[in-house]
J.: 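Below is the structure I would like to discuss, written out as structure tokens.
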Amino acid sequence: MSSEKTAITPTRAQDFPEWYQQVIKAADLAENSETRGCMVIKPWGYGIWELIQQQMDRRFKATGHQNAYFPLLIPLSYLEKEAEHAEGFATECAVVTHHRLEAVKDPVTGKTKMIPAGELAEPYVIRPTSETIIGAAFARWIESYRDLPLLINQWANVMRWEMRPRLFLRTAEFLWQEGHTAHETRQEAIDETRLMHGQYEEFMREHLAIPVIPGEKTENERFPGAEMTFTVEAMVQDKKAIQAGTSHYLGQNFSKAQNISFTGRDGTVQHAHTTSWGTSTRMIGTLIMAHSDDDGLVLPPRVATQQIVILPITPKEDSKQAVLDACQALAETLRHQCYRGDPLRVHVDSRDLNGGVKKWEWIKKGVPIRIEIGPRDIETRKICVQRRDQPISEKDFSDKEAFLQRATDILAEIHDSLLARATEFRDTNITPCNDLTEFHAHWTNDNPGWLLTPWSGTREEEEVLSKQHKINIRCLPIEGVVLPSSGDECFLTGKETTVRAIWGRSY
RNA sequence: CGGGGCGUGGCGCAGUCUGGUAGCGCGCCUCGUUCGGGACGAGGAGGCCGUGGGUUCGAAUCCCGCCGCCCCGACCA
């Protein structure tokens with residue numbers, strides 16, 4: 001940092017959780033609402049979500065999925081059908097029990113209170129996830145193998161009554177997408193699960209500039225009711241892990257519970273193999289924690305609500321209009337360019353405010369490129385270009401024409417530099433380990449990062465270690481993930497194994 | 001659900017112990033001076049002090065109840 005004073009107090013090093021909250025506030029992304037555990041997503045934050053939606057949705061369509069929409073309220077009996085699933089979500093369910101309010105006057109205070117009336121014969125659960133209600137529809141829709149695969153996605157809100165909410169990372173209500181598919185065979189369903197898992201990994205890397213480790217969850221960490229759960233795990237700047245997306249192979253658990261069956265090619269009645277996969281507004285929390293610095297938010301260009309902000313410098317009244325015109329003209333030219341398939345999002349901030357105030361506002365909002373144009377620049381045909389991934393004091397007075405040639409390249413460079421920075425951070429904080437003593441010693445520190453170990457332990461052994469150090473196995477990285485070697489013998493059992501486990505603290 | 005803390009103008013707080021009818025900083029509005037930069041001066045707007053009851057001549061302040069929020073745990077995308 002160029003100066004000792006930072007725009008965000010405290011800094012990451014001083015108090016990471018508080019820093020996170022302050023970044024959100026300074027960037028005007030969201031705020032806590034009067035409704036417990038729920039947030040108001042403000043335009044600058046919602047803009048990020050809209051871009052994530054658009055870009056992800058394109059990937060879903062390109063892989064053959066269609067969007068649909070299902071009810072917010074799920075009959076309680078639906079949830080009861082899959083025992084493990086019901087149990088997994090039971091403690092987080094908000095329940096709707098009435099359908100009417102009656103006005104009752106308090107005899108003492110004289111005030112009117114609205115009292116729930118009209119109790120429902122069967123309560124509804126506000127969806128914590130939609131497997132059961134979508135499964136019920138699938139059961140109606142699917143009759144023949146010719147109806148398969150059925151590839152559906154839903155963009156929706158869900159509710160999980162979390163004990164300890166945190167903006168974007170864990171809110172009682174959150175926005176997400178949930179894919180639900182049904183297939184003829186086990187292998188096809190597993191392929192689908194892996195396909196979407198791969199899509200998530202790619203999305204995080206190519207759109208959010210977050211390097212995630214794709215892996216499988218252990219039995220302990222699996223989605224309730226799933227046979228396999230795949231995850232993409234991100235490391236954020238306090239070295240904790242965040243599960244940024246999951247993809248589940250549900251086997252025939254849900255199809256048997258809900259009778260999602262079809263007549264097969266051989267004429268026999270079979271149960272479908274189903275999958276589900278989801279990502280949420282938690283991705284926004286992840287990207288904040290992955291990229292932002294002590295001066296505020298740093299946005300990866302593809303999901304930046306505005307990618308380029310132009311600040312007119314108008315020191316003299318007589319040249320003011322010329323400067324404003326030049327700024328608008330530049331913005332318009334830039335908007336005709338595309339970066340990764342989308343027109344550039346360019347904003348001219350012509351508010352009548354002190355330049356410094358405006359500049360810092362956009363720094364805190366994480367805009368990738370800031371441009372300043374003043375009267376002098378019009379004469380010299382130059383512009384002042386500043387990048388959010390570089391120190392605040394860094395200025396590049398470049399030729400306007402040259403900048404127009406390079407604008408999208410600069411956005412690409414910013415994306416690459418964010419990704420490279422995050423990758424380096426992650427890699428230096430993954431420590432290979434195949435020794436139990438070292439393993440125990442590692443977790444005595446506050447922010448120790450991840451351990452990578454050979455692993456052949458049981459579910460129970462995993463649980464003991466997890467409880468002891470408040471950690472868990474974040475994932476067993478899938479084949480093809482290149483990680484530092486840590487031997488072939490399990491650090492706990494000593495048995496030979498090809499399985500690797502990543503251990504860490506998590507959000 | 002356990003343990004702690006807090007509810008006072010938009011935000012952050014002081015005032016509460018030792019009752020007398022509300023103050024500071026930031027922000028906001030106006031005017032002016034500045035300004036290739038998070039500047040300064042002057043003036044101004046904005047509060048039934050979370051809520052219900054009680055004590056009192058008088059309650060932000062004391063007593064009782066309720067509600068809400070935040071932080072730390074167990075749970076989780």
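Labels below follow one simple rule: chain letters A, B, ... track the order of the sequence lines, proteins then strands, and each chain is numbered from 1.
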J.: Send over the distance from Glu233(A) CD to C76(B) C1', rounded to a whole Å.
T.: 13 Å
J.: Could you work out the separation of G52(B) and G7(B) based on their C1' atoms and round it to a whole Å?
T.: 16 Å
J.: Looking across every strand, which nucleic acid part, if any, lies under 4.0 Å from Ile363(A) by heavy atom: base, sugar-phosphate, or nothing?
T.: nothing
J.: If the C1' atom of G46(B) is compared with that of C57(B), how far apart are they to the nearest Å?
T.: 32 Å
J.: If each of Arg376(A) and Arg474(A) is mapped to the nucleotide of RNA chain B with the nearest heavy atom, which maps nearer the 5' terminus, i.e. the 5' end?
T.: Arg376(A)
J.: Under 30°, 30 to 60°, or over 60°: which ring-plane class applies to Phe16(A) and Trp19(A), parallel, tilted or perpendicular?
T.: tilted
J.: Any base atoms under 4.0 Å from Pro375(A), or only sugar-phosphate, or nothing? Heavy atoms, all strands.
T.: base
J.: Looking at Gln21(A), I'd like to know whether one of its side-chain N or O atoms comes within less than 4.0 Å of OP1 or OP2 on C71(B).
T.: yes
J.: Nearest whole Å is fine: how far is U33(B) P from Glu317(A) CD?
T.: 12 Å
J.: When you measure only distances, ignoring hydrogens and angles, does the side chain of Arg170(A) come within 3.5 Å of the base of C76(B) through a donor and an acceptor?
T.: yes
J.: Reckon Phe89(A) touches a base, only the sugar-phosphate, or nothing at all at heavy-atom distances under 4.0 Å?
T.: nothing
J.: Does any N or O in the side chain of Ser398(A) come within less than 3.5 Å of the main-chain N or O of Phe403(A), such that one atom is a donor and the other an acceptor?
T.: no
J.: Sticking with atom P, work out how far A59(B) lies from G20(B), rounded to a whole angstrom.
T.: 11 Å
J.: Regarding Ser280(A), tell me which of base, sugar-phosphate or nothing describes its non-hydrogen contacts under 4.0 Å with the strands shown.
T.: base
J.: Counting the atoms with a prime plus P, OP1 and OP2 as sugar-phosphate, which does Lys25(A) contact under 4.0 Å by heavy atoms, base, sugar-phosphate, or nothing?
T.: sugar-phosphate
J.: Have a look at Lys467(A) and say if it touches a base, only the backbone sugar-phosphate, or nothing, with a 4.0 Å heavy-atom cut-off.
T.: nothing
J.: Under 4.0 Å, heavy atoms only, any strand: does Thr171(A) hit a base, just the sugar-phosphate, or nothing?
T.: base
J.: Provide, to the nearest angstrom, the distance between the NZ atom belonging to Lys316(A) and the P atom belonging to U34(B).
T.: 14 Å
J.: Please check this pair: side chain of Lys240(A) against backbone of Met235(A), looking for a donor-acceptor N/O pair closer than 3.5 Å.
T.: no
J.: Centre-to-centre under 6.0 Å for Phe168(A) and Trp49(A), is that the case here?
T.: no
J.: When we call it a touch if two heavy atoms are under 4.0 Å apart, what does Gly374(A) touch: a base, just sugar-phosphate, or nothing?
T.: base
J.: In this structure, how many angstroms lie between the C1' atom of G36(B) and the CD1 atom of Ile383(A), rounded?
T.: 15 Å
J.: Can we say Glu401(A) and Arg381(A) salt-bridge, meaning some charged N sits less than 4.0 Å from an Asp/Glu carboxylate O?
T.: yes
J.: Applying the Watson-Crick and G-U wobble criteria at under 3.5 Å, what pairs with G19(B)? Answer none if nothing qualifies.
T.: none
